[in-house]
Protein chains: 2
Amino acid sequence: MGKPTVHDIAREAGVSLATVDRVLNDRAGVREKTVARVRDAVSRLGYVRDLSAANLARQRRYRFVFLLPDTTSQFLHALHDAVLEATAALQLDRCDIEVMHVSVGDPVALMAAFDRIEAAGIDGVAVMASETPVLRDRIGRLKTQDVAVVALITDQPNSERDHFVGIDNVAAGRTAAVLTGRFAGGREGKIGIVVNSMMARDMVERRIGFDRVMGEGFPNLTVLPTMEGRDDHAMTERVVGQFLDSNSDVIGIYCAGAGMRGLTKALEDRGLGDKLIVVAHDLTQHSRAALESGVIDVVINQNAGHIARSAARVLKAQCDGVDVIASQEKIRIEIVLRENLP
Amino acid sequence: MGKPTVHDIAREAGVSLATVDRVLNDRAGVREKTVARVRDAVSRLGYVRDLSAANLARQRRYRFVFLLPDTTSQFLHALHDAVLEATAALQLDRCDIEVMHVSVGDPVALMAAFDRIEAAGIDGVAVMASETPVLRDRIGRLKTQDVAVVALITDQPNSERDHFVGIDNVAAGRTAAVLTGRFAGGREGKIGIVVNSMMARDMVERRIGFDRVMGEGFPNLTVLPTMEGRDDHAMTERVVGQFLDSNSDVIGIYCAGAGMRGLTKALEDRGLGDKLIVVAHDLTQHSRAALESGVIDVVINQNAGHIARSAARVLKAQCDGVDVIASQEKIRIEIVLRENLP
DNA sequence: CTGAAAGCGCTTACAG
DNA sequence: CTGAAAGCGCTTACAG
């Protein structure tokens with residue numbers, strides 16, 4: 001006999017299929033004694049349920065929403081594309097995925113988005129947004145309705161989210177620092193840092209990691225105060241330009257946020273295209289080109305494809321009440337050089 | 001109406017379910033005109049078949065074999081564990097996976113293994129072995145029997161394998177070189193290279209990539225002739241020891257093969273634990289510890305878990321005649337430092 | 001509290 | 001060359 005099925009359990013326990021099903025799915029209204037008989041048969045026969053048959057019978061589909069910021073950046077673009085790509089593949093796994101672009105910083109817009117999600121009876125939500133009280137509350141509300149929730153890119157550690165899909169940003173900052181420091185090879189000089197805003201947790205964490213390694217390991221390098229580029233090319237170009245013009249012995253720049261095009265423009269306009277050690281975040285069309293031309297030396301990447309797929313897998317596993325393969329869902333801090341560009 | 005099903009096709013085409021099934025599965029014995037009618041209905045209704053329902057009806061299971069060398073190394077160990085881990089998860093996807101450890105360098109043993117595989121009616125094989133004529137032939141034979149075949153770690157470019165699951169070793173060598181070169185920061189000195197054997201294609205490719213970048217970008221560094229460690233700790237320790245004792249201004253070592261424990265021992269015995277730039281391959285218990293203690297500076301890694309899962313996914317997709325997500329199956333050249341250790 | 005029967009979307013003998 | 005009926009392993013009204 002092959003793998004045992006519900007029929008085998010029914011026979012072994014001396015009950016009907018319907019009762020086996022009730023017990024298997026923890027539905028109420030079965031006598032304790034009967035429950036015990038069925039559970040007994042299950043463990044005696046080593047029964048393990050065929051989820052795809054169950055889903056077929058139940059005509060189950062999983063409905064997930066990816067709630068992303070409505071701002072634009074090349075990374076967000078890449079993430080959006082990755083979600084669409086995952087969507088196509090997951091259709092076959094009975095998952096329907098919708099992407100919602102929302103002004104996540106605006107509490108009213110955020111509330112409206114969550115209202116829509118609740119009304120639509122969604123099974124799982126992956127949300128990328130800064131931590132706010134509104135967001136924390138709405139995640140909590142979703143959890144009372146048994147909706148699976150994962151935080152994307154930016155963790156929501158004080159919320160009830162089931163899982164975080166993203167990198168450890170302190171470690172990312174440390175990684176950026178050690179590469180900058182080692183590439184400097186003992187030379188003395190100044191290092192600049194650009195972030196979006198020091199209000200964003202990710203940026204603060206990256207800066208902390210960066211400073212810590214610099215302090216411990218590279219006394220020859222001086223890290224200057226943080227510049228804020230506000231995710232904007234023009235702004236980034238301006239602050240970096242001013243920084244370069246007013247400091248003589250700059251040997252490196254760590255770009256922890258977006259606005260990378262402003263950074264490379266500022267460097268190129270000053271003929272510094274391949275003079276400085278430049279470490280930036282996230283592999284995009286632009287950063288790929290900058291790596292190839294040598295303007296950027298290192299890209300610290302969080303793989304958008306992996307993040308999209310991981311989020312979907314985790315949401316589905318949460319709905320099914322099964323475990324994920326932990327190592328598969330761990331988002332790596334990828335170090336990308338011109339030589340190992342994928 | 002939801003997604004169309006076989007019933008809808010049957011009605012629309014004015015035929016029975018059995019006939020729809022015949023056409024859908026390209027079975028012979030249907031009049032051309034009938035085939036056309038069904039295909040027409042399919043495209044008109046935008047029918048897409050439910051693979052899991054089909055697999056249920058057909059009681060389909062996929063039987064895959066991972067054919068691995070019977071030699072031992074920490075990487076092989078990690079790969080083996082990764083396959084077992086993937087196996088557990090894939091049970092739910094109707095995949096049965098068996099790992100065969102075979103003396104892949106011995107033609108007789110290899111032939112016997114393939115005989116067993118053919119006799120057992122396996123659906124797909126992932127094979128890790130050096131290129132040999134015997135292997136090429138047997139892969140060809142499997143393909144005539146419609147068995148899916150992927151090459152693991154070492155490509156079999158002249159065979160009829162369906163896919164290669166592994167990294168570009170020339171690029172890996174280039175990556176090792178650029179990190180060694182940049183960490184050297186302009187200093188002059190000698191660089192040693194240890195491989196298993198220059199008979200192995202991977203090793204040759206890594207050496208080629210390494211030399212090329214060194215030649216182009218780092219004239220201050222002199223790369224010395226290759227040492228061969230034969231995948232053996234004692235041997236590796238001996239050749240590296242001799243190398244260190246007979247060369248004065250060594251500033252780095254690239255360990256492209258296994259036997260890493262011999263390497264770190266040779267270094268530590270001479271008090272060079274954190275003096276040299278050391279780049280090695282593959283993340284294992286030992287290399288992780290060596291990264292943490294600083295004896296090794298960089299590990300170039302091919303993710304064993306990713307490789308195992310990718311191989312299984314590709315085999316299954318091949319059996320089902322569906323596409324994979326290319327970016328997901330691309331094995332990355334991971335750069336691992338102490339700071340971004342997973 | 002429990003069971004008989006029909007159904008999810010597909011495939012498979014078997015009969016004609 | 002084609003179709004009616006039963007079945008894959010599970011779930012769902014409905015009836016009792």
Side-chain angles (χ1 to χ4, degrees), chain A residues 1-42 45-62 91-96 319-322, chain B residues 1-42 45-62 91-96 319-322:
Chain A
M1 166 177 122
K3 314 237 164 213
T5 71
V6 276
H7 290 94
D8 301 312
I9 303 297
R11 189 174 355 90
E12 183 82 4
V15 300
S16 72
L17 286 180
T19 298
V20 171
D21 188 72
R22 289 187 186 101
V23 175
L24 252 29
N25 292 289
D26 293 313
R27 276 188 269 273
V30 184
R31 265 194 315 178
E32 262 191 43
K33 247 179 98 177
T34 317
V35 173
R37 277 229 306 285
V38 173
R39 290 209 198 290
D40 230 57
V42 165
L45 267 48
Y47 170 80
V48 33
R49 143 163 179 250
D50 183 331
L51 228 184
S52 63
N55 281 340
L56 174 61
R58 178 181 270 182
Q59 301 193 74
R60 175 92 159 92
R61 295 201 61 91
Y62 302 84
Q91 283 290 107
L92 301 174
D93 271 330
R94 327 186 87 80
C95 296
D96 295 316
C319 292
D320 292 338
V322 302
Chain B
M1 166 174 121
K3 315 239 164 211
T5 73
V6 275
H7 290 93
D8 301 313
I9 303 297
R11 189 173 357 88
E12 182 81 4
V15 299
S16 74
L17 288 180
T19 297
V20 171
D21 189 70
R22 289 185 187 103
V23 175
L24 251 29
N25 292 288
D26 292 314
R27 276 188 270 273
V30 185
R31 264 194 315 179
E32 261 190 42
K33 246 179 100 175
T34 317
V35 172
R37 278 228 306 284
V38 173
R39 290 212 198 291
D40 230 61
V42 165
L45 267 48
Y47 170 80
V48 34
R49 145 166 179 244
D50 183 331
L51 229 184
S52 63
N55 281 340
L56 174 61
R58 177 183 272 183
Q59 302 194 73
R60 175 91 159 94
R61 293 200 64 89
Y62 303 82
Q91 282 291 106
L92 301 174
D93 270 332
R94 325 185 91 81
C95 295
D96 295 317
C319 291
D320 292 338
V322 302

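Protein chains get the first letters and strands the later ones, always in sequence-line order, with residue 1 at the start of each. All values below were derived from every heavy atom in this structure, side-chain atoms included, with hydrogens, water molecules and symmetry-related copies excluded.
- Computed from coordinates, the A:Ile9 CD1 to D:dT11 C1' distance equals 16 Å when rounded to whole Å.
- Distances shorter than 4.0 Å separate some side-chain N or O of B:Ser16 from OP1 or OP2 on D:dG3.
- OP1 or OP2 of C:dC8 has not a single side-chain nitrogen or oxygen of A:Arg60 nearer than 4.0 Å.
- Put simply, CG on B:Leu56 is 17 Å from P on C:dG7, counting in whole angstrom units.
- Atoms CZ (B:Arg94) and C1' (D:dC10) sit 12 Å apart, rounded to a whole Å.
- A sub-4.0 Å separation between OP1 or OP2 of C:dG3 and a side-chain N or O of A:Thr19 is present.
- The CZ atom of B:Arg58 sits 7 Å away from the C1' atom of C:dT11 (whole-angstrom rounding).
- Using a 4.0 Å heavy-atom cutoff across all strands shown, A:Val20 reaches no nucleic acid atom at all.
- With a cut-off of 3.5 Å on both pairing distances, C:dA4 has no Watson-Crick or G-U wobble partner at all.
- Residue contacts shown for B:Asn55 are absent, as no nucleic acid heavy atom lies under 4.0 Å away.
- Using a 4.0 Å cut-off between charged side-chain N and carboxylate O, A:Asp26 and A:Arg39 make a salt bridge.
- Heavy atoms of B:Arg27 sit under 4.0 angstrom from primed sugar atoms or phosphate atoms, though from no base atom.
- Of the candidates C:dG9, D:dT12, D:dC8, the closest approach to any side-chain atom of A:Ala18 belongs to D:dT12.
- Looking only at atom types and distance, the side chain of B:Tyr62 has no donor-acceptor partner in the side chain of B:Asp93 under 3.5 Å away.
- We find that CD of A:Glu32 is positioned 11 Å from P of C:dT2, with the value rounded to whole Å.
- Atoms CG (A:Asp8) and C1' (D:dG9) sit 10 Å apart, rounded to a whole Å.
- Heavy atoms of A:Val6 sit under 4.0 angstrom from at least one base atom.
- The residue B:Asp21 sits close to a base: some heavy atom pair falls under 4.0 Å.
- Proximity of B:Thr34 to the phosphate of D:dT2: a side-chain N or O atom is located under 4.0 Å from OP1 or OP2.
- With hydrogens and angles ignored, a donor-acceptor pair under 3.5 angstrom links the side chain of B:Arg22 to the base of D:dG3.
- A salt bridge between A:Asp21 and A:Arg27 is present, with a side-chain N of the basic residue lying under 4.0 Å from a carboxylate O of the acidic one.
- Of all heavy-atom pairs between B:Gln91 and B:Arg61, the closest is O-NH2, 3.6 Å.
- At C:dG9, one or more side-chain N or O atoms of A:Gln59 fall inside 4.0 Å of OP1 or OP2 (strictly under the cut-off).
- Rounded to whole angstrom, the span from the NE2 atom of B:His7 across to the P atom of D:dA5 amounts to 13 Å.
- A:Ala54 comes within 4.0 angstrom of sugar-phosphate atoms only, judged by non-hydrogen atoms across all strands, and of no base.
- For C:dT2, one of the phosphate oxygens OP1 or OP2 lies less than 4.0 angstrom from a side-chain nitrogen or oxygen of A:Arg31.
- Using a 4.0 Å cut-off between charged nitrogen and carboxylate oxygen, B:Asp40 and B:Arg37 do not count as a salt-bridge pair.
- With DNA chain C read from its 5' end, the first of the two nearest nucleotides for A:Val35 and B:Val48 is the one closest to A:Val35.
- Using modelled atom types, one side-chain atom of A:Arg94 and one backbone atom of A:Arg60 make a donor-acceptor pair closer than 3.5 Å.
- Atoms CG (A:Asp50) and P (D:dT11) sit 9 Å apart, rounded to a whole Å.
- Comparing D:dT11, C:dT2, C:dG9 by their closest approach to the side chain of A:Arg49 singles out D:dT11.
- The residue among A:Leu24 and B:Leu17 whose nearest nucleotide of DNA chain D is located toward the 5' end is B:Leu17.
- Considering only side-chain atoms of A:Thr5, the nucleotide from C:dG9, D:dG9, C:dT2 that sits closest is D:dG9.
- Under the 4.5 Å side-chain criterion, counting only non-hydrogen atoms from C-beta, B:Thr34 is not in contact with B:Val23.
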